[in-house]
Each structure stands twice: as structure tokens, then as C-alpha cells.
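What follows is a short report on a single structure.
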Protein chains: 2
Amino acid sequence: MQLDLSVDRSSPVPLYFQLSQQLEAAIERGTLTPGSLLGNEIELAARLGLSRPTVRQAIQSLVDKGLLVRRRGVGTQVVHSQVKRPLELSSLYDDLEAAGQRPATRVLVNTVVPASPEVAAALGVAEGSDVHRVERLRLAHGEPMAYLINHLPPGLLDLDTAQLEATGLYRLMRAAGITLHSARQSIGARGATAAEAERLMEEQGAPLLTMQRTTFDDTGRAVEFGDHTYRPSRYSFEFQLLVRS
Amino acid sequence: MQLDLSVDRSSPVPLYFQLSQQLEAAIERGTLTPGSLLGNEIELAARLGLSRPTVRQAIQSLVDKGLLVRRRGVGTQVVHSQVKRPLELSSLYDDLEAAGQRPATRVLVNTVVPASPEVAAALGVAEGSDVHRVERLRLAHGEPMAYLINHLPPGLLDLDTAQLEATGLYRLMRAAGITLHSARQSIGARGATAAEAERLMEEQGAPLLTMQRTTFDDTGRAVEFGDHTYRPSRYSFEFQLLVRS
DNA sequence: GTAGTTCGATTGTCCGGACATACGCATTGA
DNA sequence: TCAATGCGTATGTCCGGACAATCGAACTAC
């Protein structure tokens with residue numbers, strides 16, 4: 001069966017976006033089977049009453065997502081593999097919620113402290129100047145899963161403990177109008193210290209998964225510096241990444 | 001000082017690519033300072049004798065890389081933060097070499113084995129069918145750094161031990177004409193088993209950083225399944241990621 | 001039978017233009 | 001003084017067309 005595509009020119013949604021969404025839905029649904037050709041752009045454009053650049057823009061966005069592959073002289077094919085999450089900058093909270101785990105958060109510290117040298121360097125503020133410090137214990141199914149320490153520059157966000165327990169830090173930032181842009185991450189492992197072990201209900205020296213992250217907004221400001229420890233039996237970093245070409 | 005940009009129309013290199021490379025170089029060099037406006041597209045196009053779509057294509061590619069930010073009604077600005085590696089699918093070998101560590105590889109196993117259930121599922125082959133198995137010890141400065149176990153489907157590549165010791169697996173694949181497309185990764189941690197501990201010169205139960213990865217080519221075939229363990233004192237995963245918008 | 005050639009198909013690149021939309025700022029009004 | 005309005009500017013979207021580059025397959029010649 002042919003795919004029935006259509007665009008609504010009266011909609012404020014861009015035409016290329018309407019098209020790319022329909023194509024993506026068709027791929028997701030299985031109407032467009034992996035490996036199948038998409039049909040050439042010219043004819044597709046004519047069929048929809050669109051110009052070729054518009055159709056190309058729609059297709060290109062799906063190529064960037066890794067769903068399609070174009071080959072000159074051949075055509076555009078649906079990629080065969082199962083593409084899922086292309087590693088977006090997501091919060092642990094969102095990850096857990098997406099996995100249907102109904103995460104719980106216990107805010108243990110929410111205060112203002114002088115910046116340590118490490119924090120000051122990461123956030124780009126003066127050493128000893130005031131920064132927010134938040135420590136949270138993230139639980140799933142009543143069991144501790146991760147211990148999250150975050151530092152934020154002052155005046156960026158008023159951190160309400162109740163809100164922090166109800167949702168993730170990134171959501172609060174986005175809601176406050178902060179446009180997240182990029183983050184530098186470092187993932188490692190180490191043995192748990194006595195304090196860490198107690199917080200996560202592990203034994204001292206037990207292997208922990210660690211992640212340090214500095215997040216920047218689109219003006220280049222550091223908006224968050226996180227130092228997280230995860231129980232490896234409960235959590236691992238899963239993601240899909242694409243080859244930049 | 002104004003930026004001196006120019007394009008060579010006789011070159012086979014696409015014009016938009018020439019432009020984006022020059023802009024990227026100028027950002028890298030510091031000629032285009034963070035936060036500075038890039039000047040509007042129309043005028044830039046006129047100055048270079050290019051059309052606006054071509055200039056837009058060049059700028060867009062840098063936006064996708066996270067180097068620029070566009071704001072409607074405002075202009076295009078250079079991002080202020082230090083963007084480095086947007087997490088490409090790279091081999092450990094390339095990573096180490098880029099860090100100037102002159103990695104050494106010792107191939108311990110290079111043979112054909114029947115596929116275990118886990119390997120068969122990852123590679124999409126029948127359980128018990130022949131697959132290549134490679135075990136390598138990666139060293140830096142004479143010290144073991146990671147233990148790499150890889151399985152490959154048969155007939156894809158003839159794995160020469162000498163070549164494996166001289167370069168990375170991904171390079172061999174690319175050289176064999178395989179177009180890498182995407183990979184699913186899982187990063188975790190666990191205590192070292194007795195065998196792992198001995199291989200990496202650690203003690204039993206010492207925390208190890210682990211990574212499992214299945215790599216796909218652009219036809220969706222699984223071309224590699226890797227099960228790696230790293231010494232966390234010697235290695236951690238460092239990368240930068242962008243917010244998909 | 002095999003190697004080289006030609007040719008159709010399809011995407012890649014590029015152009016010049018048009019109108020829409022959103023942001024920042026100055027002006028205007030209460 | 002402060003909020004609402006209007007305007008200039010820049011990017012966002014879209015069009016229709018042209019030619020080049022590349023791939024695969026059919027065809028041809030040896």
C-alpha cells in the first residue's frame with residue numbers, strides 16, 4: 001500500500017516539519033518497512049504539491065536523526081536498525097519516568113555555600129562566592145539509586161525544595177526560561193567512601209558509577225555543575241549514538 | 001578587524017563547506033570571539049558572491065555542531081562555551097592517540113567461536129553459528145588500561161592480528177568499506193572478577209568501568225559487539241553533548 | 001565469459017527571489 | 001513613570017529551477 005501523506009497549508013506548523021513527522025510516524029508504525037526505498041524526492045514533492053527543497057528539508061531532518069540513509073544515484077532508504085534514543089541531554093528524573101519507574105526524590109541539602117575551587121572553576125565564578133548547593137537522594141521502588149550533588153550559580157533560579165522533590169532539575173531550569181545548550185560529561189567509577197556507602201545503602205569500597213557534568217546555556221554560561229554517584233546494580237547509562245558524517 | 005572569507009569556485013569542495021570550515025577555523029582561532037554577532041546572512045552572501053541558501057547551509061552546519069546560535073530578529077552569535085568533542089562514535093584507540101598517549105595493543109585471542117546466546121542476539125545471527133572473537137589488552141605507558149572483548153559476524157572482515165595490534169578496530173572496518181552508522185552503548189560499573197583483576201593488574205572486587213556496545217552499519221546490520229572493561233583510575237568517558245532542539 | 005562503456009535514475013549543490021515571523025528598540029500614550 | 005504600540009532587522013519558511021556527481025544496471029566489445 002502506498003503511504004498517504006498530506007500537508008495542511010493553513011497550519012502554522014512548517015510544511016517540512018509536518019512531512020517529517022508523518023514520515024517518522026510511518027517508520028515507527030512500520031508502514032515504511034526498514035530497507036524500503038522512500039521514492040524519489042521530485043515525485044514525492046509533486047505528489048504533495050510541495051517544492052523539492054521543502055521535501056529535502058524534511059528528509060534531511062530524519063537523516064540527521066538516523067532514521068533514513070540517502071545514497072546518491074540510489075535513493076533514500078529506511079534504516080534497518082532500531083534507533084531509539086540518540087543520547088539527548090536528559091535528566092535522570094526524565095529517564096526514570098520514561099522507564100515507568102515513578103522516581104522519588106529526597107532533598108537532603110538545599111542551601112547557599114561558598115564555592116570550592118572545583119565548583120568555582122566549573123561554574124566560572126569567583127572562589128568563595130555564593131553558590132547554591134543541592135544534595136538529593138533519588139530512589140526507585142523505595143531503594144536508593146543515586147546520590148546527586150549539584151551546584152548552581154546564584155540568582156539563576158530559586159530552588160524550592162518541594163519542587164525539587166516533585167520534578168527534575170532540568171525541568172525547573174527550562175521552566176525558568178533557561179535554554180540548555182550543551183554539557184560536558186565525565187563518566188567513571190570508583191569505590192564507595194564510607195559516607196557514600198551509607199547514603200546509598202552499599203558497603204564501603206563497593207563499586208559506584210560516577211558522573212560529573214557541567215551544563216551550559218546558549219549564551220555559554222555554566223548553569224549547573226553536578227557530581228553524581230549511582231549504584232551500578234540499579235542504574236547504567238544506556239544510549240544510542242550516531243556517526244557524524 | 002573584519003574576517004576575510006573567500007571561496008574558490010573552481011574547487012570541487014562544496015561552497016557551503018568551504019565557508020563553514022573557514023568560519024569554524026576563525027572561531028577556533030579566536031578571530032570570531034564568543035558572543036560576537038556574525039553579521040546578517042544577506043550581507044554575508046553578497047560579500048562572498050554566494051546565494052543566501054548556500055550561506056545558510058554553511059551556518060546551519062555549525063549550529064548543528066553547537067558552535068553557533070541563531071536567534072530570529074537578533075542574529076547569529078558565536079557560542080561562548082568551549083565546545084570540543086560532540087561525542088562521536090570513536091574507538092578507544094583513536095581517543096588515546098588523540099590524547100597523545102601512543103597506545104599499545106596486545107591481541108590475546110583472535111579466533112572463530114560458536115556464538116553464545118548473548119552474542120547471537122546482539123549480532124543478529126543464529127545461536128551457535130560461527131563468529132569472530134577478539135580479545136585485546138590495551139595499554140598506555142606500559143600499564144594495562146582496558147580489556148576489550150569483541151565479536152564480529154563472519155565474512156565481514158579478515159582480522160589480521162598484526163593489524164589489530166597496529167591500529168583500532170573501527171579503522172580496520174572503515175578501511176574495509178564498512179560505513180558505520182550508529183551504536184547502542186551501555187556504560188556501567190562492577191567489581192572485578194578474579195580473571196578480570198588479573199588481566200588488568202587490579203585486585204579482585206576492585207571497581208571497574210564497563211561498556212557494552214553494538215555497532216551497526218548503514219544497512220542496519222550489526223557489525224560488532226563489544227564487551228569492554230576499563231580501569232577507572234586510568235580511563236573515564238569524557239564527552240560533550242548537545243541539546244537536540 | 002569478462003571487462004569496459006554507456007545511460008537512466010537519484011541525490012548533491014547552488015541560485016535568486018518572496019513572504020512570514022519574531023525579537024529589540026524607540027516612540028507614543030496613559 | 002510605566003505600559004502599549006509600531007518599526008526596523010534578522011532569521012524562518014518556501015518556491016521553482018538548473019546543472020553536477022554518483023550509483024547501478026544494461027549493454028557492448030573483446
Side-chain angles (χ1 to χ4, degrees), chain A residues 5-23 35-64 67-79 177-179 217-219 245, chain B residues 5-23 32 35-64 67-79 177-179 181 217-219 245:
Chain A
L5 297 166
S6 62
V7 291
D8 175 11
R9 301 194 88 93
S10 67
S11 163
V13 177
L15 300 177
Y16 77 90
F17 193 75
Q18 292 183 35
L19 178 54
S20 70
Q21 278 196 322
Q22 289 182 39
L23 289 174
S36 65
L37 273 306
L38 196 56
N40 73 45
E41 303 169 350
I42 312 274
E43 196 244 338
L44 187 56
R47 187 145 62 92
L48 289 167
L50 296 173
S51 70
R52 190 178 162 219
T54 302
V55 173
R56 276 183 68 78
Q57 193 173 359
I59 292 176
Q60 188 59 47
S61 72
L62 297 182
V63 172
D64 291 340
L67 294 171
L68 298 177
V69 176
R70 316 174 86 147
R71 259 188 258 263
R72 193 187 296 202
V74 179
T76 306
Q77 299 182 45
V78 180
V79 166
I178 298 171
T179 308
D217 73 357
D218 58 0
T219 69
S245 53
Chain B
L5 298 166
S6 62
V7 291
D8 175 11
R9 299 194 88 95
S10 66
S11 162
V13 177
L15 300 178
Y16 78 90
F17 193 74
Q18 292 183 37
L19 177 54
S20 70
Q21 277 197 321
Q22 288 181 39
L23 290 174
L32 280 174
S36 64
L37 273 304
L38 196 57
N40 72 44
E41 304 169 350
I42 312 274
E43 197 244 338
L44 187 56
R47 188 145 63 89
L48 288 168
L50 297 173
S51 71
R52 190 178 162 218
T54 303
V55 172
R56 277 183 67 79
Q57 194 173 358
I59 292 176
Q60 187 59 47
S61 72
L62 296 182
V63 171
D64 291 340
L67 294 171
L68 297 177
V69 176
R70 315 174 86 146
R71 260 186 257 263
R72 196 188 298 207
V74 178
T76 305
Q77 299 183 45
V78 180
V79 166
I178 298 171
T179 308
H181 177 262
D217 72 358
D218 58 0
T219 69
S245 53

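Residue numbers start from 1 in every chain, and the chains themselves are labelled A, B, ... in the order their sequence lines are given, proteins ahead of strands. Keep in mind the model is a prediction, meaning the values are calculated, not measured.
- The distance between atom CD of B/Q77 and atom C1' of D/dT11, rounded to the nearest whole Å, is 13 Å.
- The shortest distance between side-chain heavy atoms of A/T179 and A/T219 does not fall below 4.5 Å.
- OP1 and OP2 of D/dC14 both lie 4.0 Å or more from every side-chain N or O belonging to A/Y16.
- Where A/P12 and B/V13 each meet DNA chain C at their nearest nucleotide, the meeting point lying more 5' is that of B/V13.
- Within the nucleic acid shown, B/R71 comes within 4.0 Å of sugar-phosphate atoms alone, with no base atom in reach, counting heavy atoms only.
- Side chain of B/N40, nearest nucleotide from D/dC14, D/dA10, C/dT11: D/dA10.
- Separating the CG atom of A/L44 from the C1' atom of C/dT10 is a distance of 13 Å, rounded to the nearest angstrom.
- Here B/P14 lies in heavy-atom contact (under 4.0 Å) with sugar-phosphate atoms only.
- Of the possible donor and acceptor atoms, none in the side chain of A/E41 sits under 3.5 Å from a partner among the backbone N and O of A/V55.
- For C/dG12, its base sits under 3.5 Å from the side chain of A/R52 at one donor and acceptor pair at least.
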_For a side chain to side chain contact (heavy atoms under 4.5 Å, CB included) check, start with the C-alpha distance between A/V13 and A/V7, then their side-chain angles and the critical distance, and finish with the verdict._
CA-CA 10 Å; A/V13 177; A/V7 291; over 6 Å; no
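- Summarising the geometry, the separation between CG on A/L37 and P on D/dA25 is reported as 11 Å, rounded to the nearest angstrom.
- Checking the phosphate oxygens (OP1, OP2) of D/dT11, a side-chain nitrogen or oxygen of B/T76 falls inside 4.0 Å.
- The CZ atom of A/R56 sits 15 Å away from the P atom of D/dC15 (whole-angstrom rounding).
- In this structure, B/L50 atom CG and C/dG17 atom C1' are separated by 16 Å, rounded to whole Å.
- Considering only heavy atoms from C-beta on, B/L50 stays 4.5 Å or farther from B/L44 through its side chain.
- The CD atom of A/Q57 sits 7 Å away from the P atom of D/dC14 (whole-angstrom rounding).
- For B/T54, a side-chain nitrogen or oxygen approaches OP1 or OP2 of C/dC15 to under 4.0 Å.
- The phosphate of D/dA10 has neither OP1 nor OP2 within less than 4.0 Å of any side-chain N or O from B/R70.
- Note that the CG atom of A/L48 and the OG atom of A/S6 stand 8.0 Å from one another [nearest 0.5 Å].
- When rounded to the nearest whole Å, the span between CD of B/Q60 and P of C/dC14 equals 16 Å.
- Spacing between atom CZ of A/R9 and atom P of D/dT13 amounts to 15 Å, rounded to whole angstrom units.
- Of the two residues contacting DNA chain D, namely B/G39 and A/V74, the nearest-nucleotide position lying further toward the 5' end is that of B/G39.
- Candidate nucleotides D/dC15, D/dT11, C/dG16 were compared by shortest atom distance to the side chain of B/R72, and D/dT11 ranks first.
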